[in-house]
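Structure first, then comments.
We count ligands from 1, going down the list as the structure has it; atoms in each ligand are counted the same way.
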Amino acid sequence: MNILVLGSGGREHALAWAIMQNPKCDRLICAPGNAGMAAIAECADIDILDGSAVSTFCEETAIDFVVIGPEAPLAAGVADRLRAAGILCFGPSAAAARLEASKAFTKEICDAVGAPTAAWAQFDTVEDARRYITKIGLPLVIKADGLAAGKGVVIPETLDIALDAVKSTFGNYGAAGQSVVIEEFMEGEEASFFVLVDGVTCLPIGTAQDHKRVGDGDTGPNTGGMGAYSPAPVLTDAIAQAALDQIIRPTMAEMARRGTPYQGVLYAGLMIKDGQARLVEYNARFGDPECQVLMMRLGAQALDLMLACAEGRLDQMAVNWADDHALTVVMAATGYPGSYRKGSIIRGTESCPEDSAHMVFHAGTTARGGALLATGGRVLNVTARGATLQEARDRAYGMVDQIDWPEGFCRRDIGWRAL
Ligand code: AMP
Ligand code: GLY
């Protein structure tokens with residue numbers, strides 16, 4: 001079959017890599033793609049936020065299946081548009097993707113089904129939000145009610161910071177800042193749980209933990225993620241089962257009951273304390289870089305699972321688990337997550353092994369005149385698999401050490417919490 005992957009990050013390179021290994025894939029196109037994807041598939045320059053442009057491209061190119069990587073095309077209704085045109089697609093409708101796009105919507109659904117999550121309140125004016133914060137005091141969490149590219153959350157250290165954060169949250173995120181959600185601060189350890197949902201059946205496909213802070217020892221500003229590993233030992237089978245029974249299945253059933261069934265991968269961010277999980281947030285997509293470790297573990301079966309998800313056949317599927325571990329180290333441009341220089345040359349990736357246990361997934365890269373250039377903040381995701389997490393980690397850092405990129409950096413402690 002002919003398959004189109006939408007996106008240009010490490011997540012989409014990993015999806016493309018897994019899909020390419022499955023003999024069902026005859027032709028793979030990535031849009032817009034990056035240098036890593038260009039090495040294994042064709043790349044097409046289409047506006048992935050424009051549902052009719054994507055749909056027309058699919059008809060002209062005889063695409064049989066579309067896999068949507070990032071959240072923006074989901075929120076823009078690209079999956080709806082494709083399904084209306086009769087094109088098979090992996091990814092939720094815009095209505096179902098509200099589970100990521102609106103914090104208040106998710107909280108309201110959780111309350112409706114009694115799913116454990118932080119207590120919350122929503123405010124439409126700065127004054128009301130400030131009055132509430134002054135009344136309840138710290139600790140608390142302030143969130144813009146919408147997509148804010150992972151930047152709309154403040155965990156204030158003082159009351160003054162909290163009161164200022166309310167004002168900037170309303171001002172900074174455009175439509176996302178029209179209201180704020182104020183939540184109880186939950187203590188515990190965070191982990192991510194990935195579940196395929198076909199509207200009815202929920203099939204877990206793995207757990208992971210990422211490292212959000214830029215510096216070793218979890219220091220410095222937050223980023224999109226500096227590394228990840230799977231499985232997450234804190235998310236034991238018992239806790240995962242309880243999260244499925246108490247949080248994920250009830251919320252998915254409620255989405256279906258409301259006429260907006262969820263179809264795609266559901267990424268549940270969980271806070272775990274004393275053997276109990278509570279929901280931090282839902283995302284309507286794979287995490288990046290969590291997807292890289294999941295794809296390394298799932299390999300070619302990822303395509304069969306995504307197809308079954310899109311076709312409503314998940315009840316017939318089982319994941320073929322290996323007793324393995326995967327770990328990815330993000331290499332980023334110096335300065336990230338602040339400003340960084342684009343265009344530096346990366347050498348040495350060609351000397352890294354590429355097989356079912358080693359892969360350098362590309363994020364912000366461009367190939368020019370035979371050279372590999374860094375053209376983004378997060379640039380390479382050096383990913384490895386092993387019988388133990390330690391083995392996966394040693395393999396990943398072994399590859400990192402072969403890459404010659406003086407303008408880049410990475411954390412040296414990915415996986416520390418689990419090791
Ligand atoms: P979100 O965008 O909702 O995932 O929030 C980003 C990050 O903020 C999460 O990954 C958590 O680390 C933290 N966070 C969000 N909500 C809470 C909460 N209620 N309690 C503690 N930490 C939170
Ligand atoms: N790595 C976190 C995310 O994809 O949201």
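Under 4.0 angstrom from ligand 2, there are no non-hydrogen atoms of R11. Counting heavy atoms under 4.0 Å from ligand 1, residue E183 touches it through the side chain alone.
Taking the six-membered ring where tryptophan is involved, the planes of Y132 and F123 are tilted, since the angle between them lies from 30° to 60°. A perpendicular orientation is assigned to the rings of F90 and F65, their planes being inclined by more than 60° (bins at 30° and 60°).
In the model, Q263 has no side-chain atom that pairs as donor or acceptor with a side-chain atom of D198 under 3.5 Å. In summary, the side chains of D237 and Q241 do not present any donor paired with an acceptor at a separation below 3.5 Å, with no hydrogens or angles considered.
Under a 4.0 angstrom heavy-atom cut-off, E187 registers as lying outside contact with ligand 1. The shortest heavy-atom distance from G225 to ligand 2 is not under 4.0 Å.
Using a 4.5 Å heavy-atom threshold, the side chains of S102 and E108 count as separate.
Near V141, meaning under 4.0 Å from one of its heavy atoms, ligand 1 places the atoms 16 (N), 17 (C), 18 (C), 19 (N), 20 (N). Atoms of ligand 1 found under 4.0 Å from any heavy atom of A118, numbered from 1 in the order shown, are 19 (N). Atoms of ligand 2 lying under 4.0 Å from at least one heavy atom of E290, given by number and element, are 1 (N), 2 (C), 4 (O).
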Verdict with reasoning, Q209 to E189, per side chain to side chain donor-acceptor pair (under 3.5 Å): CA-CA 10 Å; Q209 272 179 302; E189 188 171 339; 2.9 Å; yes
Quick one, V195 with L203, criterion side-chain contact (heavy atoms from CB on, under 4.5 Å). Give me CA distance, side-chain angles, the key distance, then yes/no. CA-CA 5 Å; V195 180; L203 181 69; 5.6 Å; no
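Remark: minimum distance from atom 5 (O) of ligand 2 to any protein heavy atom is reached at R285 NH2, 2.9 Å. Ranking the protein heavy atoms by distance from atom 2 (C) of ligand 2 puts Y267 OH, 3.4 Å first.
Nearest residue to atom 21 (C) of ligand 1 from M186, K212, E190 is M186 (criterion: closest heavy atom).
When only interatomic distances are considered, the shortest N/O to N/O separation between F286 and ligand 2 does not fall below 3.5 Å.
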